[in-house]
Amino acid sequence: MTDIRKKLVLVGNGMAGVRAIEHLLKLSPEAYEITIFGSEPHPNYNRIMLSSVLAGGSSMEEIIINDLEWYHSHGIRLYMGHTITSIDTAKRKVYSDKGIVMPYDELILATGSNPFMLPLPGAEKEGVIAFRDIKDCQIMQETSQSYRKAVVIGGGLLGLEAARGLLHLGMEVSVVHIHPYIMERQLDEPASVMLRKELEEQGMKFLLNKQSEAILGKKRVKGLLFADGEIADADLIVMAVGIKPNVELAQKSGVQTNRGIVVNDYMETNIPGIYAVGECAEHRGIAYGLVAPLYEQGAVLAKRLAGVPTDGYPGSVTSTKLKVSGVDVFSAGQFTERTGTRALRYQDEIEGIYKKLVIQDDQLVGAVLFGDTGDGAQLFSMIKNGENIKGKEKELLLGVSSDALASPKGNRLEGMADDEIICGCNGVSKGTIAEAIQSGGCTSVGQIKACTKASASCGGCKPLVEGLLQLYAGDNVVTVKEGICGCTTLGRDEIVAEIKRMELKTVKEVMNVLEWNTEEGCAKCRPSLNYYLGMLWPEEYIDEKESRITNERYHANIQKDGTYSVVPRIYGGVTSPAELMKIAEVAAKFEVPLVKFTGGQRLDLLGVKKEDLPKMWEELDMPSGHAYGKTLRTVKTCVGSTFCRFGTQDAMGMGIRLEKAFERLNTPGKVKLAVSGCPRNCAEATIKDFGVVAIDGGWELHIGGNGGVHVRATDLLGVVKTDDEVIEWASAFLQYYREQAGWNERTAQWVERVGLDSIKEVLEVRENRLALQERIHTALSVTTDPWKQIVNEPELRKNFEQLSEMKTV
Ligand SMILES: Cc1cc2nc3c(=O)[nH]c(=O)nc-3n(C[C@H](O)[C@H](O)[C@H](O)COP(=O)(O)OP(=O)(O)OC[C@H]3O[C@@H](n4cnc5c(N)ncnc54)[C@H](O)[C@@H]3O)c2cc1C
Ligand SMILES: NC(=O)c1ccc[n+]([C@@H]2O[C@H](COP(=O)([O-])OP(=O)(O)OC[C@H]3O[C@@H](n4cnc5c(N)ncnc54)[C@H](O)[C@@H]3O)[C@@H](O)[C@H]2O)c1
Ligand code: SF4
Ligand code: FES
């Protein structure tokens, strides 16, 4: 019996083309007899996940989207490893390089892109490749077995993901970039600089502002020569300098091309019956290079082919997320300022967070997030929907949680149309996820991932998927435990318990024994492990300087212009004319551009050059104020009974005693204390981590307060009579916090998480307090003043000054 169905041929067995076919099969499963040709010898796979394969996160098998059984079960004829070399548009036939001639009624061109290869002399040498397909991935894996040095040309998304993968494979990796800062197409300069520093900490080297001139070597690559005459040694060169739409077949067959194959809003080319979709298509002058818009195009094309009415494809706003473990970078829309736009920025160099929102006519038009990208998906949704955000700008900058999204108040998710794409990487709509929860019974993000593929690639959509879970599954949501970072599935408590149980003593040992999935860890887990090990083995553990954040390594806060600030300790905020004169002299001698009183009652000398730091510390001859670390910062005091007529206790004396007792203590997050001499509370003790307020005949002890972004008033821990009791309770509280909280968790978050009662229960038992006090004494007994140590140890000082002199690339 002859098949009377129309013949549909797809050229290009990649992500966009096959996605269009999947849609078509849903809309009109019997309409076409389908044939697919693909040059690659594989079924359709998730190209996005090649980065994950290279970085050791997925296997080749795991990235197959449609296995051969899928083609078979849908009656699709598949020619793998066949390249279509010509089209006879008059006779409606395509010709393959292996001699197949296939007639068509409708033809889809989905030929994707070709990587752009710099036409450098020597580019044909062995060991010079792109990063585009499974074959490239395999070459990199094989090369890493016998060679050491890799150079990646191009500091864009692809280049950085390739570089991370090569690091994982054990190679030394240098990224060559033509501009002064990386990912300039997605990031502004501050975010780019933060990203580069983070990647440098993971082991990547950067050669910026470099123009590649020639590839050196005989048969195989040996090095890369730059226009300035410098040479980078290389056993492997990966070019990742952009892509160009693959239009060759269309061009020679008379289909109109420009940069890409020119299509209208229905993905139709100038030749009747021929369509183009994906990276090869140029729509309204744009050829997209990310899957989300390509999937949107595929959905429109499928409707067109199925005869289902559609408004057509309007074009897309795009967002990107770098898929490098331990680094969170997000960028969307129009992220640079131009006439008529306003920008809001938030930068926290200590926590490594940068956020920028670009606003035009009260609408969010672009965003850049670094370090904390949890809100990326929501912000992107707002950019796409053109929502009016007047009055909410700051709230958005500081962060909206997924709870807020799902709540009736912030019902952004509720208001979203069912066909709006939630997961751009995998083209999963809100409706599909809702169905998986409501009809498919999914109750966790993992189940939704398995069922719909949403959140299976870059993970950027996870907050939205969580929001939908809350919206549709409510109380049935199963929260799946997550690791402290992408390098492990273990949570904080499990890690601490295992370190204790197995007596693990170094960061490397923990990573090996607890089977970290990255070799070097990341910026989240390395400092955490360093802290936990120091907390558990105070007398044995040698602090790993390289696992500390930058400010803690330099013992000074880096400022936005690259200079540092120096804050000496002034106990309880109480100083003297002699001390003030000394600070003034040092400030004048080193031409410090700004001297400022801090909120914690001390003096901040700002704008100090890196190379001046040890000399200034030496001349000041004062202890470090630790204004940069996760440790005791300040103890703010009021004048108390010494001068104030309302004062009932000596607030200054108590503050100084507390500061001397706990200075230099390593804590999970920074710790601020305050002491007020009466309940008028002029020292604002009730927004501190540990606040002491004098009352008649004693002291109130308050815990878990915070100023800053999320203001939290303290909880009352208890009331004590004597000064010694204040010290005993403060010691016990701080040590309990040290032992129980997660690294980077402030007391306010910790108290909120575990509850005041659970803390009281432990601390109200005197034996517990004394044991905790003893342990805090041990921890404190091994600390030294870092400034003095550097000043007095020539080796450290030399290293420090050499470090200071190093040029930042
Ligand atoms: C390593 C890597 C990571 C990426 N990460 C992301 C990411 O995180 N997020 C994101 O959105 N995008 C990412 N991308 C981009 C994304 O993979 C592409 O946008 C997407 O794959 C393009 O789909 P396509 O179908 O248009 O082209 P392709 O997937 O390239 O498919 C085209 C197919 O057509 C075949 N073909 C070409 N010409 C012919 C012919 N004449 N005959 C037969 N077959 C032919 C090609 O061999 C190819 O298999 C990444 C890309 C790479 C390489
Ligand atoms: N996470 C993701 O979303 C992701 C990951 C990988 C790839 N992709 C997509 O794959 C495609 C290819 O990625 P890409 O990074 O190659 O493209 P790209 O165009 O985004 O970046 C190329 C980079 O190379 C730099 N460059 C250009 N010429 C250079 C030269 N001579 N020397 C050094 N640097 C040079 C450019 O300045 C640019 O930053 C893009 O469409 C990208 O969006 C996306
Ligand atoms: S808190 Fe009380 S003692 Fe301290 S300065 Fe204010 S009024 Fe005086
Ligand atoms: S958006 Fe990348 S996995 Fe969903």
Side-chain angles (χ1 to χ4, degrees), residues 10-20 36-40 42 44-54 79-87 94 96-97 109-115 130-133 136-137 157-158 161-162 165 240 243 245-246 248-250 276-281 287-295 297-298 318-323 376-377 380 421-428 449 453-462 464-465 637-649 651-652 675-685 693-694:
L10 167 67
V11 181
N13 188 26
M15 297 182 74
V18 178
R19 174 49 74 104
I36 300 181
F37 289 90
S39 301
E40 293 183 70
H42 311 284
N44 176 37
Y45 64 91
N46 190 338
R47 201 173 296 287
I48 293 180
M49 298 292 275
L50 287 177
S51 306
S52 170
V53 171
L54 200 64
Y79 289 95
M80 284 193 303
H82 279 246
T83 298
I84 295 299
T85 49
S86 62
I87 309 168
V94 295
S96 97
D97 59 346
L109 300 178
T111 49
S113 292
N114 289 321
F131 183 23
R132 179 73 195 177
D133 53 28
D136 297 325
C137 216
L157 289 160
L158 186 65
E161 290 181 15
I243 49 175
N246 184 359
E248 196 194 331
L249 174 68
V277 71
E279 280 187 350
C280 65
Y288 294 92
L290 295 163
V291 280
L294 311 183
Y295 281 171
Q297 294 175 353
T318 55
S319 73
T320 49
K321 188 171 185 302
L322 182 70
K323 307 192 296 297
F380 182 48
I421 297 289
I422 296 289
C423 174
C425 291
N426 299 292
V428 188
K449 192 196 279 185
K453 294 224 168 89
S455 81
S457 304
C458 73
C461 57
K462 206 166 147 229
L464 285 184
V465 176
T637 65
C638 73
V639 290
S641 57
T642 317
F643 277 98
C644 179
R645 61 201 168 94
F646 298 109
T648 58
Q649 309 276 358
M652 289 188 293
V675 185
S676 287
C678 84
R680 286 178 174 79
N681 191 18
C682 294
E684 297 158 345
V693 179

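For ligands, and for the atoms within them, numbers begin at 1 and follow the listed sequence.
- Close approach to Glu40 involves these atoms of ligand 1, each under 4.0 Å from a residue heavy atom: 47 (O), 48 (C), 49 (O).
- Near Gly289, meaning under 4.0 Å from one of its heavy atoms, ligand 1 places the atoms 15 (C), 19 (O).
- Atom CZ of Arg19 and atom CD of Gln297 lie 13.0 Å apart (nearest 0.5 Å).
- Among Ser39, Ala110, Ser52, Gly12, the residue whose heavy atom sits closest to atom 32 (C) of ligand 1 is Ala110.
- Within ligand 1, the atoms closer than 4.0 Å to a non-hydrogen atom of Arg132 are 27 (O), 28 (P), 30 (O), 53 (C), numbered from 1 in the order shown.
- Contact annotation for Phe131 and ligand 1: heavy atoms of both the backbone and the side chain come within less than 4.0 Å of the ligand.
- Polar contact with ligand 1: absent for Lys321 (N/O pair, distance under 3.5 Å).
- Considering both main-chain and side-chain atoms, Leu294 never comes within under 3.5 Å of ligand 1 through any nitrogen or oxygen pair.
- For the ligand labelled ligand 4, residue Ser455 lies inside the 4.0 Å heavy-atom shell.
- Some N or O of Met15 is nearer than 3.5 Å to an N or O of ligand 1, by distance alone.
- One finds a salt bridge joining Glu40 and Arg47 here, because a Lys/Arg side-chain nitrogen approaches an Asp/Glu carboxylate oxygen to under 4.0 Å.
- Annotation for ligand 1: atoms under 4.0 Å from non-hydrogen atoms of Gly38 are 43 (C), 44 (N).
- For Met49, the heavy-atom gap to ligand 1 stays at 4.0 angstrom or more.
- Any protein N/O/S atom under 2.8 Å from atom 6 (Fe) of ligand 3 was counted, giving 1 altogether.
- Any N or O atom pair closer than 3.5 Å counts here, and Ile84 shares at least one such pair with ligand 1.
- The residue Ala162 has no part lying near ligand 1, judged by heavy-atom distances below 4.0 Å.
- With sequence neighbours excluded, no residue satisfies ring pair (Phe, Tyr, Trp, His ring centres under 6.0 Å) with Phe380.
- Geometrically, ligand 1 and Arg47 share a nitrogen or oxygen pair separated by less than 3.5 Å.
- At a 3.5 angstrom cut-off on N or O pairs, Glu161 does not count as close to ligand 1.
- Proximity to Gly278 (heavy-atom distance under 4.0 Å) selects the following atoms of ligand 1: 26 (O).
- Ligand 1 has no N or O atom lying under 3.5 Å from any N or O atom of Leu50, backbone or side chain.
- If you number the atoms of ligand 1 from 1 as listed, the ones under 4.0 Å from a heavy atom of Ala16 come out as 23 (O), 24 (P), 25 (O), 26 (O).
- Among Leu322, Thr320, Leu157, Val11, the residue whose heavy atom lies nearest to atom 40 (C) of ligand 1 is Val11.
- Residue-level proximity to ligand 1 for Asn246 is carried by the side chain, the only part with a heavy atom below 4.0 angstrom.
- For ligand 1, the atoms lying closer than 4.0 Å to a non-hydrogen atom of Ser51 are 1 (C), 3 (C).
- Heavy-atom contacts of Leu158 reach the following atoms of ligand 1: 1 (C), 2 (C), 52 (C), 53 (C) (cutoff under 4.0 Å).
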Trace of the side-chain contact (heavy atoms from CB on, under 4.5 Å) decision for Tyr45 with Leu50: CA-CA 9 Å; Tyr45 64 91; Leu50 287 177; 4.1 Å; yes
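- With a 4.0 Å cut-off on non-hydrogen atoms, Lys323 touches ligand 1 through its side chain and not its backbone.
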